[in-house]
Every structure is written in C-alpha cells, then in structure tokens.
There are 2 protein chains.
Amino acid sequence: MGPKYSSSRENYLKAIFHLQEIHGTVTTNDVANELQTRPASVTDMLKKLKAQKLLLYEKYKGFKLNTEGRKVALQIIRKHRLWEYFLVEKLRFGWDEVHEIAEELEHISSKKLIDRLDEFLGFPKSDPHGDPIPDSQGRWTLTRQVDLLNLPINQMAEVSGIGDQSAEILELLNHKHIALGTRLEVKKKFAFDNSIELKIKNQSPVTISEHVAKNVFVKYDE
Amino acid sequence: MGPKYSSSRENYLKAIFHLQEIHGTVTTNDVANELQTRPASVTDMLKKLKAQKLLLYEKYKGFKLNTEGRKVALQIIRKHRLWEYFLVEKLRFGWDEVHEIAEELEHISSKKLIDRLDEFLGFPKSDPHGDPIPDSQGRWTLTRQVDLLNLPINQMAEVSGIGDQSAEILELLNHKHIALGTRLEVKKKFAFDNSIELKIKNQSPVTISEHVAKNVFVKYDE
DNA sequence: TTTATTTTTTAGATTTGTCTAAATTTTATT
DNA sequence: AATAAAATTTAGACAAATCTAAAAAATAAA
Ligand SMILES: [Mn+2]
Ligand SMILES: [Mn+2]
Ligand SMILES: [Mn+2]
Ligand SMILES: [Mn+2]
C-alpha cells in the first residue's frame with residue numbers, strides 16, 4: 001500500500017492544524033498565505049478534505065479539522081520533527097537547514113519506519129527548534145518553562161532565557177559558564193538564603209543566589 | 001528548490017537503466033511491465049524524457065538513456081541503496097522488507113542529505129542485497145566473484161557460493177566453519193600442492209586443498 | 001442601512017500522469 | 001510476397017492539483 005493521502009493533502013492538514021493552534025480559528029486566506037498558493041486552490045482542497053471526512057466545512061461559514069484530520073496532522077508533525085532531530089543529531093546538520101528537507105521526508109508513509117526511527121533516536125521529546133514531538137498516539141509532553149527557583153531538584157533542564165539583561169548578571173553567568181542552551185540540573189536548595197547549587201555536566205558544582213536564580217529561565221520536558 | 005524531476009520520471013529513468021543493464025536494449029513493453037503500467041503511458045513518458053534531453057528516442061525505432069539520463073538514474077539508485085543500507089544497519093529492518101520503503105525515500109531530493117547519510121553509514125560499497133552503491137560521481141566498485149584459488153592474498157572476501165553441492169564437501173566446510181556469508185581472507189598459497197591457508201576472524205587458521213578451494217566462490221569489492 | 005471593501009467561492013483552463021480503444025508500424029508466419 | 005500477430009503509437013478521455021477571472025457572500029464604512 002502506498003500513502004493514504006497525497007503530499008499536497010498532508011500539507012494542507014498540517015497547515016490548518018498549525019493555524020488552528022495559533023489563532024484558534026483559520027481562514028481561507030490564512031491557508032493560502034501559509035502554503036504560498038491561491039485562495040481558490042484552498043477552497044478546492046477544502047471540499048476534497050471534507051469529502052474525505054478529515055474536515056468540518058460549510059461554505060462561507062468556516063472550517064476546522066475533525067478528530068481524524070487532527071490525528072493525521074499530528075502524525076505528519078511527528079514525522080517532520082523526528083526527521084529534523086535525525087538530521088541534526090545524526091547527520092550533523094545545523095538546526096537552521098533541516099526544515100526544507102523534513103518537508104519532504106515527512107511524507108514518507110511507512111509507520112514502521114517512523115517508529116523504528118523514533119526508537120533509534122532514543123524517543124526524543126522535542127525537535128531541534130524546541131517544538132514537542134508527538135508520540136505514535138499523537139500525544140506529546142509539554143515543555144515547561146520556569147525560573148531556576150522553581151525547577152524541581154535533579155530535573156535536567158536547558159537555559160532558555162534570562163530575565164534581567166544587565167551587563168552585571170551576564171558577566172556573572174558568563175563566569176559560571178551559564179548561557180542560553182546550557183543543560184543543567186539543581187542539586188540543592190538552601191532554605192537559609194534560597195541560594196541554589198547547580199550541576200553542569202563535566203563541571204564542578206556552582207552556587208547562585210536567589211536573585212540570580214529568579215532571573216534564569218529554563219525549559220524541561222514532562 | 002524542490003526536486004528537479006518528478007518521482008514518476010525518476011522511476012522511469014531507473015527502470016530503463018536497469019533493463020538496459022540486463023538486456024542491453026529496452027522495449028516499451030519491458031518498461032510497462034517493470035513499472036506495472038500500460039505501453040501507451042510509457043510512450044507518453046518517452047516523449048517527455050526526450051524533450052527533457054534525458055533519453056535518445058525515435059518512434060518505432062527504440063530508445064536508450066543518454067549520458068545525462070544515465071547520470072540521473074545512477075543518483076536515484078545511489079539513494080535507493082543507501083537508504084536500504086540505513087534501514088537494515090541502523091533501524092534493524094530485515095533485508096526483505098526495505099525495498100518498498102526505499103522506493104519512496106529514493107525520491108527525496110537533497111544532495112547534501114544523501115552525501116551526509118553516506119558518510120554517516122561509513123561509505124558502504126554495497127546494499128543489503130549485495131548490489132553496488134554508486135558514489136556521488138556515479139561510479140561504483142565492482143564486486144568480483146572468484147573461487148578461492150584466485151582470491152588475492154590478504155583480500156577480505158565473503159563466501160557467496162559453493163560449486164560442488166555434495167554432502168561430503170558440505171560436511172568438510174561445515175567442520176571448518178565455512179558457510180555462505182563467512183568473511184575470510186587467504187593468508188598463504190602453497191605451490192607444492194596448491195593448498196591454501198585461510199583466516200576467519202576470531203578463529204585459528206585452517207588449510208584447504210586445491211580441490212576444495214576450486215569449489216568455494218567468494219565475492220569482494222574493488 | 002445603503003454602499004464599499006474584503007473574503008470566499010465558482011467557472012473554466014492548464015499541467016502532469018495515467019488510461020482505453022483504435023490506428024499504425026514492425027516482425028513473424030505461412 | 002502476402003498475411004497474421006505482436007509491438008508501438010496516437011487520439012481522446014479522466015483525475016488531481018493548480019491557476020485566473022468573475023460572481024457571490026460576508027464584513028466594514030459611510
Ligand atoms: Mn520544520
Ligand atoms: Mn522544527
Ligand atoms: Mn530495493
Ligand atoms: Mn537493494
């Protein structure tokens with residue numbers, strides 16, 4: 001058996017899903033813009049997707065994915081993001097050059113292939129751009145963003161933002177080898193002054209004050 | 001930029017290349033049969049490939065790939081076989097379940113992707129079915145098949161066939177741990193009786209007679 | 001609430017790749 | 001050489017996906 005839906009239909013489903021996520025609602029023009037096509041072409045496709053029971057659609061009234069359409073869209077997103085992860089982690093591509101290639105790879109139909117790839121990659125939770133990778137049932141783990149005071153002990157996390165942007169805090173963080181992207185975990189929290197002891201791989205533990213901890217934001221899965 | 005040629009065109013080029021290899025010449029019916037399509041469809045496509053300067057074609061007289069067509073075909077074959085190798089060696093697929101999936105993967109267009117994949121796989125010389133993998137210039141190393149008498153000294157090779165199929169020789173080979181797929185090299189050739197000393201990895205050397213050597217066929221690259 | 005603007009849909013073409021049925025050419029048999 | 005059979009090509013049609021231009025509906029402005 002070949003693919004269940006054409007690449008074109010899959011691209012429409014994915015685009016509608018994404019726009020739905022961002023705006024809650026989607027318009028014909030949105031989709032045309034997203035897919036670099038014409039509104040008339042979108043209308044044509046909406047009818048086809050409706051006929052295939054992937055979409056709820058009433059002309060002039062709007063449209064949205066139904067359960068089946070959402071399910072299909074999530075599997076394409078899963079494939080897209082797993083391939084991106086593969087390209088970066090195994091083939092040494094930069095995170096900024098994988099999207100185009102994944103746009104093609106996401107349409108390869110074999111389910112077994114993608115599940116094996118997932119396993120081969122160690123079941124990654126997010127792609128090189130930090131976006132969550134749905135599992136084979138279409139579920140994904142949320143990436144939580146918290147400051148270091150609220151990061152659970154022993155939870156590996158990645159620095160994703162700095163609150164205070166002053167030269168002083170940046171100098172301090174630089175000295176302690178903490179930068180955007182640094183992976184670390186909190187080893188101890190001292191109740192006395194709310195200071196925190198951190199561990200970065202291959203480095204000796206460092207301590208930071210509550211004031212600093214409040215201004216370092218990290219993200220982690222689950 | 002997307003793919004230079006459609007998947008369909010690439011499939012035609014590949015089919016024509018293969019049939020040309022086997023029979024020296026190709027007919028419309030051959031191609032129709034190979035691609036599970038109709039002769040009329042083949043004729044239609046021949047015209048398009050000719051217009052694209054990938055094929056020499058004169059109606060009713062026959063056709064064959066020109067230099068450019070051959071070049072394109074070889075790159076598709078390269079992709080097909082590298083992906084098959086990836087599926088077997090990295091994703092633990094059986095050699096009998098990868099062809100279908102590679103039929104889709106071979107149409108992914110990125111040249112950088114396939115060159116990186118080649119590197120990631122360690123520049124394999126042949127795919128899981130023993131077929132040679134062309135390099136990025138479309139050249140491949142021939143796999144030579146010889147009997148053990150003619151295998152160059154110290155050339156690693158793989159047992160690919162047994163001439164005499166009698167129970168006696170099979171018992172002898174079995175006792176010396178030589179079977180289809182065994183990788184070995186010739187360490188010494190004795191001029192006195194043309195007997196040969198072999199080395200199989202992790203085993204002590206074994207000697208076989210000229211008579212046996214004549215009946216064991218091996219293949220090796222280059 | 002008319003009128004104007006924007007959005008969406010329809011009507012009719014176009015491109016690519018495929019098909020069937022019929023015509024043409026080549027090849028094989030009397 | 002004439003006829004039969006097989007291979008190949010053409011003619012005309014169709015499905016999928018796209019487009020332009022025009023019509024219809026919804027929304028915003030006056
Ligand atoms: Mn992407
Ligand atoms: Mn991504
Ligand atoms: Mn294959
Ligand atoms: Mn193969």
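Lettering of chains follows the sequences in order, A, B, ..., and the numbering in each one begins at 1.
At a cut-off of 3.5 Å, with distance as the only test, a side-chain donor of A/T27 or A/D30 sits close to an acceptor on the other residue. Side chain to side chain, A/S109 and B/E104 meet the donor-acceptor criterion of an N or O pair below 3.5 Å. A side-chain N or O of B/N11 and one of B/H107 form a donor-acceptor pair less than 3.5 Å apart.
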Can you check side chain to side chain contact (heavy atoms under 4.5 Å, CB included) on A/K14 and A/I77, steps first, answer last?
-> CA-CA 7 Å; A/K14 190 163 63 104; A/I77 290 165; 4.0 Å; yes

Evaluate the criterion salt bridge (Lys or Arg N to Asp or Glu O under 4.0 Å) for residue pair A/E97 and B/K112; output intermediate values, then yes/no.
-> CA-CA 10 Å; A/E97 48 183 357; B/K112 187 166 182 178; 3.0 Å; yes

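Residue contacts for B/Y12: at a heavy-atom cut-off of 4.0 Å it reaches the sugar-phosphate backbone alone, with no base atom in range. Within 4.0 Å of A/S8, counting heavy atoms only, lie sugar-phosphate atoms of the nucleic acid but no base atom. Heavy atoms of B/Y57 sit under 4.0 angstrom from primed sugar atoms or phosphate atoms, though from no base atom.
Classification of the B/W83-A/F86 ring pair by plane angle, with boundaries at 30° and 60°, yields tilted.
Applying a 4.0 Å cut-off to non-hydrogen atoms, the residues of residues 17-34 of chain A that approach DNA chain C are A/T27, A/T28, A/N29, listed by residue number.
Look at A/K111 and A/D115 and you find a salt bridge, because one of the NZ, NE, NH1 or NH2 atoms lies within 4.0 Å of a carboxylate O, short of that distance.
For B/T43, no side-chain nitrogen or oxygen approaches OP1 or OP2 of D/dT10 to under 4.0 Å. In this structure, A/K47 reaches the C/dT10 phosphate: one of its side-chain N or O atoms is under 4.0 Å from OP1 or OP2.
An end-to-end axis angle of 10° holds for the helix from C/dT1-D/dA30 to C/dT30-D/dA1, taken from five base pairs per end and rounded to 10°.
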Give the B/S/- string for nucleotides 20-29 of chain C, one per nucleotide from 5' to 3', where a protein heavy atom under 4.0 Å of the base yields B, of only the sugar-phosphate yields S, and otherwise -.
-> B---BSS---

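Remark: aromatic rings of A/H129 and A/H99 are distant, center separation not under 6.0 Å.
When the C1' atom of C/dT8 is taken as reference, atom CG of A/D44 falls 12 Å away, rounded to whole Å.
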